[in-house]
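Each remark here refers to the structure printed beneath this line.
Whatever order the structure lists ligands and atoms in, that order sets their numbers, starting from 1.
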Amino acid sequence: MNRTQIVQDFEWLHAHPELSYEEFETTRYIRAALTEAGVEILPYPLETGLVAQVRGPQPGPVVALRADIDALPVQEACELPYQSLTPGKMHACGHDMHTAVLLHTARLLNARKGQLRGTVRLIFQPAEESGVGARKILETPALEGVQAIFALHTSPLFPVGTYGIRPGAVTASVDKFSITIRGTGAHAAYPEKSVDPVVTGAALVSALQTVVSRNVAPEHAALVSITHFEAGKTWNVIPETAFLEGTIRTLDKADRELIPRRMRQLAESVCAGFGAQAQFDCDFCSPATDNDPAWCEVAAQVGRAQGLNVVTDPTSMLGEDFALYQETVPGVYIHAGIGLTAPNHNPSFCVDEACLAPAAEYSAALAAAALDKLAQA
Ligand SMILES: [Zn+2]
Ligand SMILES: [Zn+2]
């Protein structure tokens, strides 16, 4: 079978996975492919990732398409002729699909640029898996003048040809908290001389479960997961400190403020009740995606016109730094079916190559339709 250009790109990218902020070969590949296609690359000082654009004959509105390009520290379990050549690294989230699709979208748009009613900016973003690679792009003028932004993401829940679109939040805000409990250490045989951070921490873990169950409205999705609890080094010493950390995830903006506030109150008051001190810290990483309803309608119409089966996307408590772009520009985060396979980040995650060419056609049509809508407004 004659492998098309997009399949060649995809297989090369799949075989050469690179982790967040290390996407040097990937960036070189993208740059070479765009240069060969005659696509304009913008001179932004990005170490990895790049931004390109395709301009129509007249000045007009600007829209953006975004692909993330990084891979994960996962050992691939799929046996493919083009499987990962790097032990312990794999495109287990399908960002190779996103990159190949955006590259090919650039070629399609470039071939049709005579009909474009404005400019399409193509964002190849590094380090999505690190949680905040979008910030590197936001430090450049990539979004200057951009009035709408779109991204595709692989979905192993949908067959090829099915796309999920949903207004509002599709993925959750991702925040990281830590709590250090400071007590008083003692010999394990003299508990009365200690302020035991292990017992205090155990009570605090239980108390923190009530934030979602008692403070958040039951119809809102939210979670607090305590994933790391560390204290002490041996069996006969009550330690002086305990350390807890984990993640807070919400779909609702008000819940995102409420939950850490309640957690801090509980940490301080539970610890005070035991005679210990609490230090609560929260790192606000990325907000929930916030799909614009009017642009969702455009994205769905274009999908149906392309013969895709457009369904309502389910929400999840996963994170996505595309939400950082949506803080300043309205846009849509779309799930593209890649065939039913293992979940994202699983060693057996595998993209059906049949999804590739239609996804590039869809992206090119969506960008052109968005420009038409803005040019008419
Ligand atoms: Zn991922
Ligand atoms: Zn991903």
(message) Inside 2.8 Å of the Zn ion (ligand 2) but strictly below it, how many protein N/O/S atoms are present?
(response) 3

(message) For residues 260-287, which residue pairs pass the salt bridge (charged side-chain N to carboxylate O under 4.0 Å, His left out) check, not counting sequence neighbours?
(response) none

(message) D292: which residues meet the salt bridge (Lys or Arg N to Asp or Glu O under 4.0 Å) condition with it, sequence neighbours left out?
(response) none

(request) Kindly state whether the ring of Y82 and the ring of W12 have centres lying under 6.0 angstrom apart. (result) no

(message) I'd like to know if E25 pairs up with R31 as an ion pair, taking the criterion as any Lys NZ or Arg NE/NH1/NH2 lying under 4.0 Å from an Asp or Glu carboxylate oxygen.
(response) no

(message) Under the criterion ring-ring contact (aromatic ring centres under 6.0 Å, His included), I'd like the reasoning laid out for F150 against Y333: C-alpha separation, chi angles, the key distance, then a yes or no.
(response) CA-CA 6 Å; F150 304 92; Y333 179 73; over 10 Å; no

(request) Kindly give the cluster partners of I181, where membership spreads through any ILVMFWY side chain lying under 4.5 Å from a current member. (result) F177, I179, V199, L204, V205, L208, V211, V212, V216, V224, I226, F229, L244, I248, L258, I259, M263, L266, V270, F274, F280

